[in-house]
Amino acid sequence: MTDGPQTIAFSGMSSLPQGYRALVIGASGGIGGALAETLRGDAGCGEVLTLSRSGDGFDITHEASIAAAAERLSADRDTFDLVLCATGGLTINGKGPEKSLKAIAPDAMAMQFAVNAIGPALVLKHFSPLMPRQRRGIFAALSARVGSIGDNKLGGWISYRSAKAALNQIIRTASIEIARTSPQSVVVGLHPGTVQTRLSAAFSGGHAAMPPAESAARLLTVLDTLTPQQSGGFFAYDGSAVEW
Ligand SMILES: NC(=O)c1ccc[n+]([C@@H]2O[C@H](COP(=O)([O-])OP(=O)(O)OC[C@H]3O[C@@H](n4cnc5c(N)ncnc54)[C@H](OP(=O)(O)O)[C@@H]3O)[C@@H](O)[C@H]2O)c1
């Protein structure tokens, strides 16, 4: 399977109730924006709410910002059927991914963990109580295949890779706890493919990259098919399970 552009029609989240409520965090991003737009075109979706740093001042590296957003968005109605965390960073504060061990810088590595692992963990902390208990609810965070330990053949990018690997463990651990109170929940990490966004622009070099709308449609189609038995897993845009 290549990441080359192709036409995929998103036929809607048929696994969620009519009039379902969705939240896209990181909707100012390439993939996050496409996820929100695609959901808004879904006839079954009642409400698509969004959060972003540039739009709302939502900063995933500050817990108070996440807690305040959860409190504000749950004021009218307290559950979300679908929460998508599409934030993330590869170049953060001007520091791109390292090519070698000698390039490791503690501050840059700590920021990678703050944005790509601790941030989504705090989103789980503050938003998982807003998942439905008696019916299906989906939480998905955008991870990356390069966070797979088993799939790591090239090395490099040690901070981004290890932060995404930590995110995968956070998702797996959270899924087990959330299933105790929300047995129909689906909590997963997703690999969106190589996608044409700001994040990938300087790095996708030789790889064919998908338009964000293509990735979004495929990711939502995958989420629609996942069962609670698959909660805690790591899935690519084509529906395949990614090894840990
Ligand atoms: N593009 C790819 O090829 C690719 C491949 C594998 C995985 N991914 C993953 O997919 C996710 C989305 O990436 P993308 O390609 O859509 O990148 P993007 O266009 O650069 O979007 C990144 C998003 O993250 C948000 N963000 C970054 N730092 C934040 C912070 N401290 N607080 C709140 N929001 C913050 C940005 O918000 P603002 O713009 O508002 O600052 C933006 O909404 C990332 O987790 C990335 O690792 C992407």
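Just so you know, residue 1 is the first one in the sequence shown, and it goes up from there. Note that the coordinates shown come from a computational prediction; the quantities given were computed from them, not determined experimentally. Read the numbers this way: they start at 1 and go in the same order the structure lists the ligands and their atoms.
Checked by distance only, ligand 1 and G55 stay at 3.5 Å or farther apart across all their nitrogen or oxygen atoms. At under 3.5 Å, a nitrogen or oxygen of I60, whether backbone or side chain, sits near a nitrogen or oxygen of ligand 1. Of the N or O atoms in T61, none lie within a sub-3.5 Å distance of an N or O in ligand 1. Inclusion of S52 in the set of residues having an N or O under 3.5 Å from an N or O of ligand 1 is not warranted. Polar contact with ligand 1: absent for T194 (N/O pair, distance under 3.5 Å). The distance criterion of under 3.5 Å between nitrogen or oxygen atoms is not met by V115 with respect to ligand 1. The shortest N or O to N or O distance between K164 and ligand 1 is under 3.5 Å. Inclusion of I31 in the set of residues having an N or O under 3.5 Å from an N or O of ligand 1 is warranted. An N or O contact shorter than 3.5 Å is missing between H191 and ligand 1 by distance. Of the polar atoms of G30, at least one N or O is found under 3.5 Å from an N or O of ligand 1, judged by distance alone.
Ligand-side atoms of ligand 1 in range of G88: 22 (C), 24 (O), 27 (C), 44 (C), 45 (O), range being under 4.0 angstrom from any heavy atom. Of all the atoms in ligand 1, the ones that sit under 4.0 Å from a non-hydrogen atom of S54 are 38 (P), 39 (O), 40 (O). Residue G26 approaches ligand 1 through these ligand atoms, each under 4.0 Å from one of its heavy atoms: 43 (O).
For atom 44 (C) of ligand 1, the nearest protein heavy atom (residue, atom name, distance) is T87 O, 3.4 Å. From the protein, the heavy atom lying nearest to atom 8 (N) of ligand 1 is P192 CG, 3.5 Å. Of the protein's non-hydrogen atoms, the one nearest atom 33 (C) of ligand 1 is F58 O, 3.2 Å. Protein heavy atom in closest approach to atom 3 (O) of ligand 1: V195 N, 2.8 Å. Atom 36 (C) of ligand 1 has as its closest protein heavy atom S28 OG, 4.0 Å. Nearest non-hydrogen protein atom to atom 9 (C) of ligand 1 is S143 O, 3.6 Å. Looking from atom 47 (O) of ligand 1 to the surrounding protein, the closest heavy atom is Y160 OH, 2.6 Å. Among protein heavy atoms, atom 1 (N) of ligand 1 sits closest to T197 OG1, 3.1 Å.
Ring geometry for F234 against W244 counts as parallel: the plane angle stays under 30°, on a 0 to 90° scale with 60° as the upper cut.
Of all the listed residues (D59, L199, L142), L199 holds the heavy atom that lies closest to atom 46 (C) of ligand 1. Comparing A86, G29, G193, A144 by heavy-atom distance to atom 5 (C) of ligand 1, the nearest is G193. Of the options Q196, R53, M210, the smallest heavy-atom separation from atom 29 (C) of ligand 1 is shown by R53.
The backbone N or O of G232 lies less than 3.5 Å from a partner atom in the side chain of R172, making a donor-acceptor pair. Formation of a donor-acceptor pair under 3.5 Å by the D56 side chain with backbone atoms of S52 is found in this model. Using a distance-only test at 3.5 Å, with no hydrogens or angles considered, no donor-acceptor pair links the side chain of S240 to the main chain of A236. Remark: side-chain polar atoms of T173 are not paired, donor with acceptor, to backbone N or O of I170 under 3.5 angstrom. With T197 contributing its side chain and L199 its backbone, the two residues share a donor-acceptor pair below 3.5 Å. Looking at N168, its side chain never comes within 3.5 Å of a backbone N or O of G189 through a donor-acceptor pair. S148 places a side-chain N or O within donor-acceptor distance of the main-chain N or O of E243, the cut-off being under 3.5 Å.
Contact between S65 and D59 at its shortest, heavy atoms only, is OG-N, 2.8 Å. The two residues F235 and V242 make their nearest non-hydrogen contact at C-CG2, 4.0 Å.
The closest side-chain donor-acceptor pair between S15 and R136 falls under 3.5 angstrom. Using modelled atom types, one finds no donor on one side chain facing an acceptor on the other under 3.5 Å when comparing E71 with H126.
Qualifying ring-ring contact (aromatic ring centres under 6.0 Å, His included) partners for F10, counting only residues two or more places apart in sequence or in other chains: none.
Of the candidates E98, Q112, K164, K95, E98 is the only one forming a side-chain hydrogen bond (donor to acceptor under 3.5 Å, both in side chains) with S159.
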Pair up each side-chain donor or acceptor in residues 33-46 with any protein partner under 3.5 Å, not counting sequence neighbours, and list the distances.
| from | atom 1 | to | atom 2 | distance (Å) |
| --- | --- | --- | --- | --- |
| T38 | OG1 | A34 | O | 2.6 |
| R40 | NH2 | V48 | O | 3.1 |
| D42 | OD1 | G44 | N | 3.0 |
| D42 | OD2 | M13 | N | 2.9 |
| D42 | OD2 | Y20 | OH | 2.6 |

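In A209, neither the side chain nor the backbone holds a heavy atom less than 4.0 Å from any atom of ligand 1.
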